[in-house]
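Below you will find the structure I want to go over with you.
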Amino acid sequence: MQIIYDIKTIRHVIKQLKLEQVSIGFVPTMGALHKGHLALIKQAQKMCDIVIVSIFVNKKQFNDEQDYINYPIEIEQDIKLLAKEKVSYLFCPTSEEIWPEGVKTIVETTKLSDILIGKVRPGHFRGVTTIVVKLFNLIEPNYAFFGEKDFQQLTIIKQMVEDLNFNIEIIGVPIIREEDGVAYSSRNKLLKPNERMAAKILYQSLKAAQHEFTNGMRSVKELQNFLKHFIEKEKLAKIEVIDILEAKTLMTAKDCLKPGMVILLFVRFGTVQLLDQYILR
Ligand code: AMP
């Protein structure tokens, strides 16, 4: 695996790869890699000749500085893991390389970026879309892989790619969970043991919601209330967002519940905000 730290080298490598006419799959991450990231990489390897992973903790998408400072960094372990997975290239630039003094441009997918999680984390999705555009411009992938776990992010990126005519296919990869149902997340490492236990309530509530739907519940409001009461049973869980959405528009579902609608949870345990997501079947 070749590790690339700067823009000049990544541009040079991409130029060569384009001459060779290989297909490039790109997996952007913030590191502290886990099995969720690995699922994206494996999917990329299935579909592409070359896989490029990036690790970059993007300060522009953190609306809370302490959250940025606390974000786990495990670069040496990550490098070993990526080499073992036979990833071709790792791009891990410094913050100064990506955000030099004087940067003035932002990219924002309006309407989708300031609702739901964007309401709780103002500016977060603007930071995400701006870095993703920069990385797309540097890496020029044919395919880019994003987790369904970050469902709002995935929807925003798909919309952005359509709106700005990027010639890139965005592939959504289903959520990967630990044995007890908690979705893999780099932030899980920041949970205290009792908070990690408490986090199980998220998937339990999603499974219970599916059960209600299967047994005939069809009211969006009723299911939302059901989820709220279920999660509130766990005293350590502080709800930030519970919503049931139309998948493409991210609008709160108005009509009766239907398969394909998405339950989105954003819940805080101590100082750690966790996301979960479930597509009704
Ligand atoms: P992050 O490093 O947290 O920015 O995540 C990088 C990518 O991995 C994003 O596209 C996430 O949606 C995806 N991802 C993170 N956790 C999971 C998971 N448990 N299952 C599937 N994809 C995930």
Side-chain angles (χ1 to χ4, degrees), residues 25-47 51-64 67-68 70-75 77-79 81-82 85 87 90-93 95 98 116-117 121 124-136 139 141 143-161 168-191 196 199-200 202-203 206 247 250 262 264-267 272-279:
F26 175 45
V27 180
T29 82
M30 297 208 298
L33 300 177
H34 50 66
K35 288 191 178 151
H37 297 116
L38 289 189
L40 270 61
I41 292 168
K42 290 206 158 77
Q43 187 61 35
Q45 285 171 328
K46 260 191 223 152
M47 294 177 62
V51 174
I52 303 181
V53 174
S54 68
I55 294 182
F56 181 64
V57 183
N58 172 36
K59 67 176 178 203
K60 298 236 180 216
Q61 71 188 68
F62 287 82
N63 61 306
D64 172 356
D67 190 28
Y68 174 60
N70 290 344
Y71 200 82
I73 294 182
E74 302 173 352
I75 189 71
Q77 211 171 302
D78 290 346
I79 289 172
L81 195 88
L82 294 174
E85 292 299 319
V87 165
L90 167 62
F91 180 48
C92 50
S95 205
I98 294 294
L116 304 163
I117 291 159
R121 287 185 177 167
H124 166 67
F125 287 113
R126 189 172 57 219
V128 170
T129 38
T130 305
I131 185 64
V132 168
V133 162
K134 273 185 80 111
L135 292 169
F136 281 179
I139 290 170
Y143 298 88
F145 299 80
F146 292 84
E148 284 179 358
K149 176 182 155 249
D150 298 271
F151 196 82
Q152 188 172 0
Q153 170 174 284
L154 174 62
T155 309
I156 288 174
I157 303 279
K158 280 185 178 161
Q159 183 74 47
M160 179 189 81
V161 161
I168 300 171
E169 196 171 327
I170 302 300
I171 309 291
V173 177
I175 195 163
I176 306 291
R177 299 179 178 280
E178 299 195 38
E179 256 171 39
D180 63 1
V182 174
Y184 276 101
S185 164
S186 308
R187 290 176 197 275
N188 290 352
K189 295 172 180 146
L190 304 174
L191 294 166
R196 175 63 186 74
K200 289 198 277 192
L202 299 185
Y203 189 49
L206 293 171
L250 296 181
V262 180
L264 192 120
L265 303 180
F266 193 51
V267 178
V272 183
Q273 289 165 316
L274 294 185
L275 258 172
D276 210 331
Q277 160 273 5
Y278 187 87
I279 302 174

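Ligands are counted one by one from 1 in listed order, and the atoms in each one are counted from 1 as well. Here the structure is a predicted model, which is why all the values come from computation and not from measurement. FYI, the numbering just counts along the sequence from 1.
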For this session: Can you measure from OG (Ser185) to CG (Leu191) and round to the nearest 0.5 angstrom?
Result: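 So the gap between those two atoms works out to 8.0 Å.
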
Exercise. List by chain and number: which residues place a heavy atom under 4.0 Å from ligand 1?
Worked result: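 Lining ligand 1 at under 4.0 Å, by heavy atoms, one finds Pro28, Thr29, Met30, His34, Gly36, His37, Leu40, Tyr71, Phe146, Gly147, Lys149, Asp150, Gln153, Pro174, Ile175, Ile176, Tyr184.
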
For this session: On the 0 to 90° scale, with breaks at 30° and 60°, tag the Tyr278-Tyr203 ring pair as parallel, tilted or perpendicular.
Result: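 Ring orientation of Tyr278 relative to Tyr203: tilted.
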
Exercise. Below 6.0 angstrom between ring centroids: does that apply to Phe62 and Tyr71?
Worked result: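 So the answer is yes for these two rings.
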
Exercise. If every non-hydrogen atom of Arg177 is compared with every non-hydrogen atom of Gln277, which pair is closest and at what distance?
Worked result: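 Answer, listing the atom of Arg177 first, then Gln277: NH2-O, 3.3 Å.
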
Exercise. Would you call Asp67 and Arg187 a salt bridge, using N to O less than 4.0 angstrom?
Worked result: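 Yes, charged N to carboxylate O under 4.0 Å.
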
Problem set entry | SB check Glu178 Lys35 (cutoff 4.0 Å) |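 Salt bridge absent between Glu178 and Lys35.
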
